Structures are given as C-alpha cells and as structure tokens.
Novice: 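Attaching a single structure in structure tokens format; questions to follow.
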2 protein chains.
Amino acid sequence: MELCNHENDHERIVQAAKAHAMKEEDLGTMCSIFKVISEPSRMKIILALMEGEMCVYHIVEAVGGNQSAVSHQLRILKDNRVIRAKRDGKNIVYSIADEHILNIITMSRKHLHCEV
Amino acid sequence: MELCNHENDHERIVQAAKAHAMKEEDLGTMCSIFKVISEPSRMKIILALMEGEMCVYHIVEAVGGNQSAVSHQLRILKDNRVIRAKRDGKNIVYSIADEHILNIITMSRKHLHCEV
DNA sequence: TTAATATATGAATACTTATTCATGTATTAA
DNA sequence: TTAATACATGAATAAGTATTCATATATTAA
C-alpha cells in the first residue's frame with residue numbers, strides 16, 4: 001500500500017487516534033464488560049434480576065435452560081461484578097451489583113425503542 | 001429442586017421477569033450490538049474513526065494488525081451499521097454511522113473513568 | 001489494455017466460549 | 001450421621017468467531 005489522496009487529513013487523524021488511544025488494559029476492561037452482557041443467556045439473567053433478587057432455582061424458572069448452564073453463567077456474571085451472591089440457608093440469592101451496567105442496558109433499550 | 005424459603009417473593013419476581021421479558025428478537029439485536037463492540041480489535045477501529053473518517057490504509061496504521069484482519073472487522077462493523085463506507089477513487093473511506101453506539105461507548109468510558 | 005494499487009473475501013486454522021454431563025460440596029432436616 | 005436439597009464445578013464437547021493466507025475484484029495510471 002502507498003498513500004491515499006487524503007494523505008494529510010488522514011495522517012492527522014491517525015496521529016490523533018494514536019495520541020488518544022486508550023491504555024490496552026482499559027480497553028480490555030471496557031470490552032470485557034460488553035462481552036459479558038453480549039450473551040443472550042447472561043442478558044436474560046441480568047434482566048430478570050433487575051426485577052429483584054432471586055435464588056438459583058427461581059432464576060432458572062425465569063430464564064429457562066438447565067441449572068448447570070445457569071450456574072456457569074452466574075459465575076461469569078459474579079466474577080465480573082455484575083451480580084453479587086449471598087447465601088441464605090440452602091439457597092444462594094443473587095442480585096444486581098453494578099449500577100453502571102444497568103444504565104448501559106437501560107440506555108440501549110431506549111435506543112432500540114424496546115423500553116420496559 | 002424444590003422450593004426456596006422465599007417462595008412468595010421470588011415467585012412474584014419470576015412472574016414479573018416473564019411478563020417484562022423482551023421479545024427474543026429484540027434481545028438478540030441488543031446483544032449483538034454489545035457483541036460487535038466487545039472485541040478489542042473492533043473497538044480500536046471505532047475509537048479511531050471517532051477521530052475522523054479514514055481509508056483502510058490509515059485505519060491499519062492507526063490500530064495496527066494486518067490489512068486482511070482489519071478488512072474483515074470493517075465488514076462486521078459495516079454489516080452491523082456501526083460504520084459506513086464510501087468509495088473515493090481507489091480508496092474506501094470509512095466513517096462512524098451510529099450515534100447510539102457512540103453514546104454507549106462514551107458513557108462506558110465515563111463509568112470506567114477513562115474518558116478522552 | 002496492462003500493471004500497479006487498494007481493498008475485499010473464501011477457506012483453513014486457531015481460539016474462545018457456551019453448554020452438557022457427571023459429580024462434588026454445603027446446608028438442613030430427619 | 002444419613003439423606004435430601006441447592007448449587008457449583010471440572011471435563012468434554014459443541015458452537016462460534018477472529019486471524020491468517022492466498023487470491024480475487026475494483027480503480028487508476030501508464
């Protein structure tokens with residue numbers, strides 16, 4: 001490849017992009033947040049927990065699927081601090097832990113015109 | 001599994017979750033938007049194009065990696081209407097097409113405290 | 001019309017990740 | 001202290017997806 005016919009403009013933009021580039025670590029953090037909520041099976045869990053805290057049995061009831069699959073996804077959500085867990089007797093009760101993600105999701109639903 | 005000791009509470013939440021559940025299609029749409037921006041290689045392209053439109057050669061310069069990989073990601077971004085392409089002579093100039101995604105990214109950077 | 005440039009793309013590969021299955025651990029009740 | 005319940009988890013598999021390599025297409029200049 002050589003030069004395009006907007007060499008000056010584009011080169012300036014390239015430099016700006018490089019100058020403003022996020023740290024690789026922050027980029028990874030931001031992207032992994034989006035990755036966590038980009039899986040429908042996890043998004044369903046988040047949306048369900050937005051209605052209120054629940055134990056695993058009821059989460060499974062709310063979102064469908066089998067218990068093991070739901071537990072695996074719960075772990076990913078917990079590891080990424082999207083939800084938190086507290087034990088209550090034999091049950092583990094899960095709840096939303098991250099307001100930021102709620103805002104992102106709420107905003108996205110507005111953009112998609114499928115608000116609650 | 002049987003019943004947890006918050007049966008009434010949780011059951012009500014389950015019903016609310018089911019009642020408010022998004023249509024499977026909308027859920028898929030929303031999640032695929034997050035999926036598109038959850039890949040660092042694509043996020044870098046988006047962030048670079050937020051500085052201004054560029055041709056492929058300069059996008060490659062800005063984000064690194066090889067031309068083929070960048071072209072493949074450009075296609076995914078274009079197919080998902082995140083960016084748009086216009087031909088200009090031998091070059092294809094790409095630019096941001098979706099304000100919503102910009103808002104989501106900008107908001108996320110705020111939450112992460114790594115604003116521009 | 002040929003050569004060179006800029007970009008796109010199909011196929012193969014390599015990674016990543018979701019799901020399933022079987023089983024393990026923690027808690028409570030008997 | 002045994003049995004049952006609720007949940008977690010390792011390993012295997014299946015599905016999805018990014019990247020690479022080789023090559024194709026489009027445009028322009030010679």
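In this text, all values refer to a predicted model and were calculated from it rather than measured experimentally. The figures here come from the full heavy-atom set of this structure, side chains too, leaving out hydrogens, waters and symmetry mates.
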Novice: Tell me: NZ of B:Lys44 to C1' of D:dA18, nearest whole Å?
Specialist: 13 Å
Novice: Rounded to whole Å, how long is the line connecting atom CZ of B:Phe34 with atom P of D:dT17?
Specialist: 17 Å
Novice: Calculate the interatomic distance between A:Tyr57 atom OH and D:dT5 atom C1'; express it in whole Å.
Specialist: 12 Å
Novice: List the protein contact pattern of nucleotides 24-30 of chain C with one symbol per nucleotide (5' to 3'): B for base contact, S for sugar-phosphate-only contact, - for none; contact means a heavy-atom distance under 4.0 Å.
Specialist: --SBS--
Novice: Summarise protein proximity over nucleotides 15-21 of chain C in one line of letters, 5' to 3': B for base, S for sugar-phosphate only, - for none, counting protein heavy atoms closer than 4.0 Å.
Specialist: --SSBBB
Novice: Run the side-chain hydrogen bond (donor to acceptor under 3.5 Å, both in side chains) test against B:Ser68 and tell me which residues pass, sequence neighbours left out.
Specialist: none
Novice: Please give, in whole Å, the distance from D:dA6 P to A:Met54 CE?
Specialist: 16 Å
Novice: Give the rounded distance in Å between these two atoms: CD of B:Gln67 and C1' of D:dA24.
Specialist: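 Rounded to the whole Å, the gap is 12 Å.
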Novice: OP1 or OP2 of D:dC7 versus the side-chain N and O atoms of A:Asn91: is any pair under 4.0 Å?
Specialist: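 For D:dC7, OP1 or OP2 has a side-chain N or O of A:Asn91 closer than 4.0 Å.
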Novice: Whole angstroms only, please: what is the CD1-P distance between B:Ile92 and D:dA26?
Specialist: 11 Å
Novice: Do the side-chain N or O atoms of B:Tyr94 get closer than 4.0 angstrom to the phosphate oxygens (OP1, OP2) of C:dA6?
Specialist: no
Novice: Rounded to the Å, how far apart are B:His10 NE2 and D:dA6 P?
Specialist: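 One finds 13 Å between P of D:dA6 and NE2 of B:His10, rounded.
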Novice: Before accepting this row, confirm whether a basic side-chain N of the pair B:Lys18/A:Glu51 lies closer than 4.0 Å to the acidic partner's carboxylate O.
Specialist: no
